[in-house]
K.L.:
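Supplied in structure tokens, the structure appears directly below.
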Protein chains: 2
Amino acid sequence: MSKNKQEDIFQAAMELFGKRGYDGTTVPMIADKAKVGAGTIYRYFENKESLVNALFVKCVEQFFDAIRKDFPQNSEVRQQFNHIFRRMFVFAKDNSNALQFINSHDEGYYLNEKSNQTFQDFLGFFRNVIEEGIDQGVIRPLPTNAHIAIVYGAFGMLFSHIQSGRMEETPELLNELEESLWNAIRVN
Amino acid sequence: MSKNKQEDIFQAAMELFGKRGYDGTTVPMIADKAKVGAGTIYRYFENKESLVNALFVKCVEQFFDAIRKDFPQNSEVRQQFNHIFRRMFVFAKDNSNALQFINSHDEGYYLNEKSNQTFQDFLGFFRNVIEEGIDQGVIRPLPTNAHIAIVYGAFGMLFSHIQSGRMEETPELLNELEESLWNAIRVN
DNA sequence: TAAATAGGAATGAATATTCATTCCTGAAGA
DNA sequence: TCTTCAGGAATGAATATTCATTCCTATTTA
């Protein structure tokens with residue numbers, strides 16, 4: 001029997017929300033998977049919406065921290081890009097449920113102000129790196145959001161293909177993918 | 001008063017599913033928006049799941065047709081890429097609801113065999129072009145799914161940014177984006 | 001033993017689906 | 001030409017089910 005029920009609920013909700021979506025997941029489903037009573041969930045969260053928001057913030061912050069940790073603030077932009085790219089895939093491998101949950105919920109109508117802000121802050125980190133790159137003339141002078149969409153959008157679908165087994169993740173492939181995406185945003 | 005109720009139902013469902021997801025959309029919501037009685041929906045579709053599947057197949061086929069039409073079968077791969085890229089954005093502009101619906105439902109647990117197959121056939125079209133490009137030595141020799149994920153994944157998030165107004169679509173930007181994505185997949 | 005925690009059956013609201021009825025349209029009859 | 005009528009289409013209230021949330025009891029902890 002687990003000691004930390006809140007964490008059990010988070011894990012169960014993350015998996016179910018990630019696979020079936022927010023509205024496709026019922027509270028009793030979460031309770032079953034977490035091996036707690038349905039009522040117990042309401043001891044830890046005010047309601048289903050609070051749960052999904054708390055979980056979203058938690059997951060995005062984990063992802064954000066994983067990327068920020070040891071970030072080479074004073075290195076070349078190319079090196080910073082390498083850091084971000086690698087950390088994204090490491091996080092994806094270690095926390096595939098979290099990532100699947102984030103990617104399928106970041107536009108949910110049930111997300112509150114804090115959740116949306118947290119996600120914006122996360123993307124803001126990429127924004128800074130890209131703007132720095134544009135200023136230095138190493139990244140193409142396009143709207144920052146365009147570069148973010150290319151890199152993060154591609155990453156999302158790459159992850160989904162790896163996750164589902166339609167593609168195999170190897171160190172060599174990762175090297176190639178990093179170069180592909182860098183080629184997309186760099187000046188020639 | 002509209003003449004074609006089935007089409008009214010399709011349109012309403014497409015918008016609502018696209019914005020709120022399958023489980024977040026109720027049948028009465030669809031009926032209201034389509035301006036038909038709730039029961040009428042069941043004269044045209046066996047149930048909610050049949051509706052979402054019929055709609056998914058219809059939308060993907062429309063998207064597929066829009067891209068296949070006038071496809072330059074005998075041109076260079078670079079030219080074929082140009083064709084696909086442009087058609088995707090034209091379709092996105094003219095059918096934003098359809099595209100939003102497709103992109104948010106292509107992994108839904110409620111999709112049946114036919115829906116999944118239709119989507120795979122659609123991606124298969126890209127696959128052929130990319131494989132041809134790899135054979136000719138103009139596209140990098142990576143798994144085809146990797147290239148598809150990069151291009152289609154990036155496209156999906158670019159569309160989402162344009163759609164929501166976070167980015168403005170201009171002819172110049174489109175030219176740049178096409179080049180960015182081609183740079184991602186081409187050999188250097 | 002008192003207080004806090006957990007459980008899960010009970011509840012009421014919301015939802016998908018059904019169905020008895022009404023509404024239209026166009027043909028038949030006067 | 002006007003009226004009647006048949007049958008398919010449409011409706012939305014009614015039903016059966018599912019769901020989020022509550023609440024009372026049992027269990028654990030201090």
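Each chain gets a letter, A, B and so on, in the order its sequence line appears, and its residues count up from 1.
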K.L.:
Restricting to side-chain contact (heavy atoms from CB on, under 4.5 Å), what partner residues turn up for A:Gln117, sequence neighbours left out?
P.N.:
A:Glu113, A:Gln120, A:Asp121

K.L.:
For residues A:Ser50 and A:Asn47, is any side-chain donor paired with an opposing acceptor at under 3.5 Å?
P.N.:
yes

K.L.:
Rounded to whole Å, please give me the gap between CG in B:Asn4 and C1' in D:dA10.
P.N.:
14 Å

K.L.:
Measure from NZ on B:Lys5 to P on D:dG8 and round the result to the nearest Å.
P.N.:
18 Å

K.L.:
Select one nucleotide: of C:dA16, D:dT11, D:dT21, the one nearest the side-chain heavy atoms of B:Lys48.
P.N.:
C:dA16

K.L.:
Do A:Arg68 and A:Glu61 sit within salt-bridge range, that is, some charged N less than 4.0 Å from a carboxylate O?
P.N.:
no

K.L.:
How close or far is atom P of D:dC19 from atom OH of A:Tyr22, stated in whole angstroms?
P.N.:
14 Å

K.L.:
If you take any heavy atom closer than 4.0 Å to DNA chain C, which residues from residues 32-44 of chain B end up in contact?
P.N.:
B:Gly39, B:Tyr42

K.L.:
CD1 of A:Ile30 versus P of D:dA20: gap in Å, rounded?
P.N.:
8 Å

K.L.:
Return the value, rounded to whole Å, for the distance between atom CE of B:Met29 and atom C1' of C:dT15.
P.N.:
10 Å

K.L.:
In chain order, what residues pass the side-chain contact (heavy atoms from CB on, under 4.5 Å) check against A:Asp70, with sequence neighbours excluded?
P.N.:
A:His83, A:Arg87

K.L.:
Counting N and O atoms only, with roles assigned by atom type, does the side chain of B:Arg140 sit under 3.5 Å from a partner on the main chain of A:Leu177, one being a donor and the other an acceptor?
P.N.:
no

K.L.:
Rounded to the nearest Å, what distance is computed from the CG atom of residue B:Asn47 to the C1' atom of nucleotide C:dT17?
P.N.:
9 Å

K.L.:
Check the distance between D:dC19's C1' and A:Glu49's CD and give it to me in whole angstrom.
P.N.:
15 Å

K.L.:
What is the distance from CZ of A:Phe45 to P of D:dT21, rounded to the nearest Å?
P.N.:
13 Å

K.L.:
Among residues 10-20 of chain B, which residues get a heavy atom nearer than 4.0 Å to DNA chain C?
P.N.:
none

K.L.:
Does B:His161 offer a backbone N or O that forms a donor-acceptor pair with the side chain of B:Ser164 under 3.5 Å?
P.N.:
yes

K.L.:
Should the pair A:Arg186-A:Glu179 be classified as a salt bridge under the 4.0 Å nitrogen-to-oxygen rule?
P.N.:
no

K.L.:
Strictly below 4.0 Å, heavy-atom distances to any atom of DNA chain D: list the hits from residues 52-59 of chain B, or just say none.
P.N.:
none

K.L.:
Could you tell me if A:Glu15 and A:Gln11 have a donor-acceptor pair between their side chains, going purely by distance under 3.5 Å?
P.N.:
no

K.L.:
Centroid-to-centroid, B:Phe85 to B:Phe155, below 6.0 Å?
P.N.:
no

K.L.:
Do B:Phe159 and B:Tyr152 have ring centroids that are under 6.0 Å from one another?
P.N.:
no

K.L.:
Could you write out each protein N or O paired with an N or O of nucleotides 12-14 of chain C at a distance under 3.5 Å?
P.N.:
none

K.L.:
Hey, can you tell me if B:His105 and B:Tyr110 have their rings parallel, tilted or perpendicular (30° and 60° cut-offs)?
P.N.:
tilted

K.L.:
Any salt bridge linking B:Lys5 with B:Asp8? Criterion: basic side-chain nitrogen under 4.0 Å from a carboxylate oxygen.
P.N.:
no

K.L.:
As an exercise, state the distance from CG of B:Asn183 to CG of A:Asn188, rounded to the nearest 0.5 Å.
P.N.:
4.5 Å

K.L.:
Answer yes or no for B:Lys48 and B:Tyr22: cation-pi contact, defined as NZ/CZ to six-membered ring centre under 6.0 Å and angle to ring axis within 45°.
P.N.:
yes

